[in-house]
There are 2 protein chains.
Amino acid sequence: MTGGDDLGIVDALAQLSFLTQHALAKHAAGQDLSLIQTRLLGVLRDREPTMQELARLLGLDKSSVTGLVDRAEKRGLVRRTPSRQDRRAVRVELSASGRRIGRRIADGFEADVTSVTRSLSAAERKQLSTLATRVVMSYACPQAQADGNP
Amino acid sequence: MTGGDDLGIVDALAQLSFLTQHALAKHAAGQDLSLIQTRLLGVLRDREPTMQELARLLGLDKSSVTGLVDRAEKRGLVRRTPSRQDRRAVRVELSASGRRIGRRIADGFEADVTSVTRSLSAAERKQLSTLATRVVMSYACPQAQADGNP
DNA sequence: TATTGTTATACTCTATAACTATA
DNA sequence: TATAGTTATAGAGTATAACAATA
């Protein structure tokens, strides 16, 4: 029954991504947050970027980030603080509440991942984790391929 | 250098999903389409659902689907046709142009997947494809686990 | 002059509630 | 009465262009 069906790498990755995003969105909605607000919390977990840097991290225009941070700030999830190096810039940081809610969503998501991968053996889960990591890494650093050209 | 870094299954899947969606969105934008419009084309590739069924397939409210199909129809990507079984219902189908554009996006995405997985060996790519497929399948049919409980 | 961030504007996407037409 | 779909409305999210303040 669990025989030879394979969606192929393209459809498998596409469908896996929709499934993953759906799970993330579900837990975000449980905290009354959108996916992008949740991504904001995730990105700020270990950073205090400027608006500009935030725009690059999220792949959005700076004007979009203004609105995003506006809404997050209005809900007490993040805080704007003036930069001391550059009086034009502001830094964005997580509030205690934002960090707590972000963790809650991450925990819920983790439980889902565990549940959805429980049909895999420990070795297979490790394999999937390793392969996914390598794809992510090779995307982030396209130069770090098999040979190590400059 | 490509030693023992592993993001762990949770972060690896989350980041892989963002990466995948980003690639999809990029090719969609290349055809001046949003991700959800592209999903619409994908869902209609081998179906002619009613608005109701479409809402379920996309996980949206029926009123959201009205607008979605409105915009797609205005751009000549899809077509509404009255259902003969039920005069309240309409069926949505792909136009030739919609099918062509959907295929173009799928092709571009496929090229990206190939490129981003080219650091993997053929065997590893197959492994990733198989594991991702199993996760997707086990999500779609939660009952089809190792043992086969009713 | 160039950069950082915001504002103004317009469009897409989404849900809720109320509505029309058919079953 | 119940279901299929649309409309009205409100709000989030996004980009482009123009702007203010600072570098």
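In what follows, chains are A, B, ... by sequence order, proteins preceding strands, each numbered from 1.
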Please give, in whole Å, the distance from D:dA15 P to A:Met51 CE? 13 Å

Is any side-chain heavy atom of B:Lys126 closer than 4.5 Å to a side-chain heavy atom of A:Asp6? yes

To the nearest 0.5 Å, how far apart are CG in A:Leu7 and CG in A:Leu16? 10.0 Å

How is A:Ser83 classified with respect to the nucleic acid when contacts are heavy atoms under 4.0 Å: base, sugar-phosphate, or nothing? nothing

Among the candidates C:dG5, C:dA15, D:dG5, find the nucleotide nearest to the side-chain atoms of B:Thr66. D:dG5

Do A:Ser63 and D:dT14 have a side chain to base donor-acceptor pair shorter than 3.5 Å? no

Measure the OG1-CG distance between A:Thr50 and A:Leu54 for me, rounded to the nearest 0.5 Å. 7.5 Å

Expressed as a whole number of angstroms, how long is the span from A:Asp32:CG to C:dT16:P? 12 Å

Given atom CG of B:Leu58 and atom P of C:dT14, what is their separation to the nearest angstrom? 8 Å

B:Gln85 vs B:Ser83, test: side-chain hydrogen bond (donor to acceptor under 3.5 Å, both in side chains). Steps then yes/no. CA-CA 6 Å; B:Gln85 294 88 355; B:Ser83 164; 3.0 Å; yes

Would you mind reading off the distance between A:Arg91 atom CZ and C:dG5 atom C1', rounded to a whole angstrom? 14 Å

Within the structure shown, what part of the strands sits under 4.0 Å from A:Arg80 by heavy-atom distance: base, sugar-phosphate, or nothing? sugar-phosphate

Whole Å only: how far is the CG atom of A:Leu35 from the P atom of C:dT14? 12 Å

What is the distance, rounded to the nearest whole Å, between atom CG of A:Asp61 and atom C1' of C:dT9? 14 Å

Picking from D:dA4, D:dG5, C:dC13, the nucleotide nearest the side-chain atoms of B:Asp86 would be D:dA4

Interatomic distance where CD belongs to B:Glu53 and C1' belongs to D:dG5 [whole Å]: 13 Å

To the nearest 0.5 angstrom, please state how far the CD atom of B:Gln21 sits from the CZ atom of A:Phe18. 5.0 Å

Out of C:dA15, C:dT7, C:dT6, which has the shortest distance to the side chain of B:Ser64? C:dA15

Measure from the side-chain heavy atoms of B:Leu60 and tell me the nearest of D:dG5, C:dA15, D:dA15. C:dA15

From NZ of B:Lys62 across to P of D:dT7 the rounded distance in Å is 13 Å

Tell me which nucleotide among D:dT22, C:dA23, C:dG5 gets nearest to the side chain of A:Thr50. C:dG5

Kindly say whether, by distance alone, the side chain of B:Arg88 makes a donor-acceptor pair under 3.5 Å with the base of D:dT3? yes

Sugar-phosphate only, base, or nothing, as touched by B:Val65 at under 4.0 Å among non-hydrogen atoms: nothing

By nearest heavy atom, map A:Gln52 and B:Gln37 onto DNA chain C; which one lands nearer the 5' end? A:Gln52

Let me know, please, whether B:Gly67 or A:Gln85 comes out on the 5' side of the other along DNA chain D by nearest nucleotide. B:Gly67

Check whether any side-chain nitrogen or oxygen of A:Arg87 sits under 4.0 Å from OP1 or OP2 of D:dA21, and answer yes or no. no

Winner on side-chain proximity to A:Ala89, out of D:dT14, D:dT7, C:dG5, is C:dG5

